Amino acid sequence: MARHLITSAIPYINGIKHLGNLVGSQLPADLFARYMRARGHEVLFLCATDEHGTPAELAAAKADKPVADYCAEMHDVQAKIAEGFRLSFDHFGRSSSPQNKKLTQAFAGRLADMGLIREVTEEQVYSIADGRFLPDRYIEGTCPNCGFTSARGDQCDNCTKQLDPTDLIDAHSTISESTDLEVRETKHLYLCQSELKDDLAAWIDSKTDWPILTTSIAKKWLNDGDGLQDRGITRDLDWGVPVKRGDAEWPGMEGKVFYVWFDAPIEYIACAQEWEDAGKGTDWERWWRTDKGADDVTYTQFMGKDNVPFHTLSFPATIMGTQEPWKLVDYIKSFNYLNYDGGQFSTSRGRGVFMDQALELLPSDYWRWWLLSHAPESSDAEFTWETFQTDTNKDLADVLGNFVSRVTKFCRSKFSEDVPAGGAYGEAETQLIADLTTRIRAYETHMEATEVRKAAAELRAIWVLGNEYLQANAPWTTFKTDEETAAMQIRLALNLIRIYAVLSAPFIPDAAATMIAAMQTTDESWPTDVAAALETLPAGHAFTVPENLFRKITDDEREEWAARFAGTRD
RNA sequence: GGCGCGGUAGCUCAGUUGGUUAGAGCGAUCGACUCAUAAUCGAUAGGUCGGGAGUUCAAGUCUCCCCCACGCCA
């Protein structure tokens with residue numbers, strides 16, 4: 001038995017995520033966690049909401065709520081949706097937790113002790129009406145170059161000229177519209193990532209088994225231009241982890257908070273502490289400290305490609321810089337983007353399907369299956385309603401659902417709702433066992449390598465083997481002349497349903513649970529030995545005929561949904 | 001403009017270190033079966049592997065140039 005620490009990129013608190021976000025991190029992470037648990041490994045699967053930063057403050061202001069209340073509510077909303085998609089987090093934490101505050105401050109203090117933090121004095125625009133410093137993108141005005149009236153503080157979107165906020169004519173805050181702005185000096189802390197560049201490069205180079213997508217992005221950031229740049233890790237905001245040096249005040253940093261990208265990945269660690277504090281487990285350091293039992297842990301992270309630089313460089317720099325025995329990631333699985341019907345998903349334009357809407361249309365298994373079997377692993381992938389309809393109807397309803405239906409109903413009508421007795425294996429059964437064994441071993445290999453699409457294809461092929469067997473051996477014909485052999489064939493097929501449930505559970509947990517319940521068993525053991533697994537349900541064992549596992553998506557539904565989620569045009 | 005990931009059957013994608021007639025699923029056509037959600041199973045058709053040049057006994061696979069799509073950056 002091995003130990004697997006698994007984390008999904010933590011979704012930002014602001015708003016509900018779309019299907020592309022889901023398939024890029026949480027869903028494949030859940031697949032992997034469920035598989036590893038099914039194989040008997042010890043798993044700690046963590047995720048959380050990323051709650052700090054300006055967007056959360058603004059969203060709260062728009063909702064007319066204190067930011068802490070807003071985040072608490074949105075955390076509950078996201079937690080409920082995650083439950084709806086059957087994401088099996090051992091804990092769904094919050095980056096605003098007291099545990100993360102303390103740990104983030106401890107990391108910063110330690111990095112300062114190691115000489116890896118320096119102070120930088122900068123000039124920044126302060127809005128008197130808003131009572132705060134403004135990030136460049138929250139300042140707008142008229143471009144001095146082209147006269148465009150909605151140029152941003154960092155760049156004019158019309159003529160693409162690089163700007164300083166002070167260049168803008170009639171500069172104003174996009175928060176309050178106030179033009180009462182002034183430039184003030186402010187001090188910030190920088191993490192000296194550049195000093196860790198060689199260590200990071202050596203570490204990345206040692207990861208020869210990582211996906212090309214992951215290492216190519218990391219190396220680009222490491223080597224492009226002047227190489228890895230030091231990074232500001234503080235901001236002049238109210239909402240965030242107060243800047244402290246461990247437990248002590250940090251002179252000159254009063255009223256400042258850590259930048260969201262500094263504290264967010266530390267939440268991966270703090271989340272384990274939250275998990276223990278919530279009474280869900282014990283000894284969290286056993287997962288995170290190699291001096292306290294985590295040396296045998298395999299740590300796998302899942303994320304979209306936009307998160308790769310932070311997970312391959314910034315966060316490892318934070319950990320390495322402490323020279324403390326924190327667990328570093330062993331494998332980073334990154335994903336490309338899922339597009340929606342020829343374009344991008346867009347929150348602002350209401351384009352594409354969002355997680356809450358998806359669950360209103362269909363149960364989570366439909367989405368899990370389609371998204372995982374089309375996961376954007378090698379390149380961007382595309383969601384279309386046509387493929388969603390044909391693929392889920394074919395794979396789930398026709399191939400798997402109908403298999404369960406035809407086997408259980410045939411048995412009920414010709415024998416009874418007990419597993420029938422009699423008959424002996426022949427050549428066909430020996431061959432089936434051999435074929436199943438080959439395919440199940442291939443499935444395991446793909447799952448362990450987090451080759452999501454290949455695993456899905458293999459699972460589907462395993463389902464097809466059942467239909468092939470029935471078609472070739474036709475128990476409905478056999479039954480007319482040789483009831484005993486027909487009984488053996490259908491006993492095998494009933495056992496196949498249990499095996500399919502166990503194998504399929506990581507992809508479609510609800511349908512798998514229905515299948516297990518229908519077979520009236522509690523035995524969810526993995527079919528390591530296929531021949532033995534086919535005798536789990538003995539003759540005389542009672543079962544029930546379940547409702548159809550999956551219904552089909554109609555053409556009318558497809559058309560209606562395609563129209564409903566097309567979004568507004570520019 | 002620079003960089004990155006791609007461009008393989010109508011569609012979605014596999015193709016390891018270059019090596020026999022380029023694969024799978026869907027869709028299409030034909031056939032078989034009738035237990036089952038008008039489900040299933042089999043067979044067939046369909047590709048100058050983006051274009052060009054080169055290296056090699058041999059290139060989808062390596063090198064160079066170009067074209068296209070997407071993304072990131074400036």
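These numbers were taken from a predicted model, which means no experiment stands behind them. Quick note on labels: first sequence line is chain A, next is B, and so on, each numbered from 1.
Judged by distance alone, with hydrogens and angles left aside, A/Asn402 brings a side-chain donor or acceptor within reach of the base of B/rA36, the pair sitting under 3.5 Å.
In this model, a donor atom of one side chain and an acceptor atom of the other lie less than 3.5 Å apart for A/Asp435 and A/Gln431. Side-chain contact of A/Arg558 with A/Gln389: a donor-acceptor pair under 3.5 Å is present, judged by distance alone. No side-chain N or O of A/Gln489 forms a donor-acceptor pair with one of A/Tyr469 less than 3.5 Å apart. Residues A/His52 and A/Tyr12 bring no donor and acceptor atom of their side chains to less than 3.5 Å of each other.
Geometrically, A/Arg235 engages A/Tyr259 in a cation-pi contact, judged by NZ or CZ lying under 6.0 Å from the ring centre and within 45° of the ring axis.
Comparing B/rC13 with B/rG51, their C1' atoms sit 23 Å apart, to the nearest whole Å.
For the pair A/Lys454 and B/rG15, the criterion of a side-chain N or O lying under 4.0 Å from OP1 or OP2 is met. OP1 or OP2 of B/rA39 lies within a sub-4.0 Å distance of a side-chain N or O belonging to A/Lys552. At the phosphate of B/rC13, OP1 or OP2 sits under 4.0 Å from a side-chain N or O atom of A/Arg453.
Within the nucleic acid shown, A/Val464 comes within 4.0 Å of sugar-phosphate atoms alone, with no base atom in reach, counting heavy atoms only. At the heavy-atom level, A/Leu549 lies under 4.0 Å from base atoms of the strands shown. Residue contacts for A/Phe403: at a heavy-atom cut-off of 4.0 Å it reaches no nucleic acid atom on any strand shown. The residue A/Asn548 sits close to a base: some heavy atom pair falls under 4.0 Å.
Note: A/Tyr268 and A/His311 meet the aromatic proximity criterion, with ring centroids under 6.0 Å apart.
Put simply, NE2 on A/His446 is 18 Å from P on B/rC13, counting in whole angstrom units.
Of the listed residues (A/Asp395, A/Thr392, A/Asp391), just one forms a side chain to side chain donor-acceptor pair (under 3.5 Å) with A/Trp370, and that residue is A/Asp391.
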Exercise for the section: For side-chain contact (heavy atoms from CB on, under 4.5 Å), just list the numbers for A/Phe565 and A/Leu361, CA-CA rounded to whole Å, side-chain angles, deciding distance to a tenth of an Å, and then say yes or no. Expected result: CA-CA 12 Å; A/Phe565 297 102; A/Leu361 302 185; 3.7 Å; yes

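Ring geometry for A/Phe310 versus A/Trp261: interplanar angle under 30°, hence parallel rather than tilted (30 to 60°).
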Exercise for the section: Could you run through nucleotides 26-34 of chain B and give me one letter per nucleotide, 5' to 3': B if any protein heavy atom sits under 4.0 Å from the base, S if only the sugar-phosphate is that close, - if neither? Expected result: S------SS

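Looking at RNA chain B, the stems built from 3 or more consecutive Watson-Crick or G-U wobble pairs, each pair with its key distances under 3.5 Å, are B:1-4 with B:70-73, B:10-13 with B:23-26, B:28-32 with B:40-44, B:50-54 with B:62-66.
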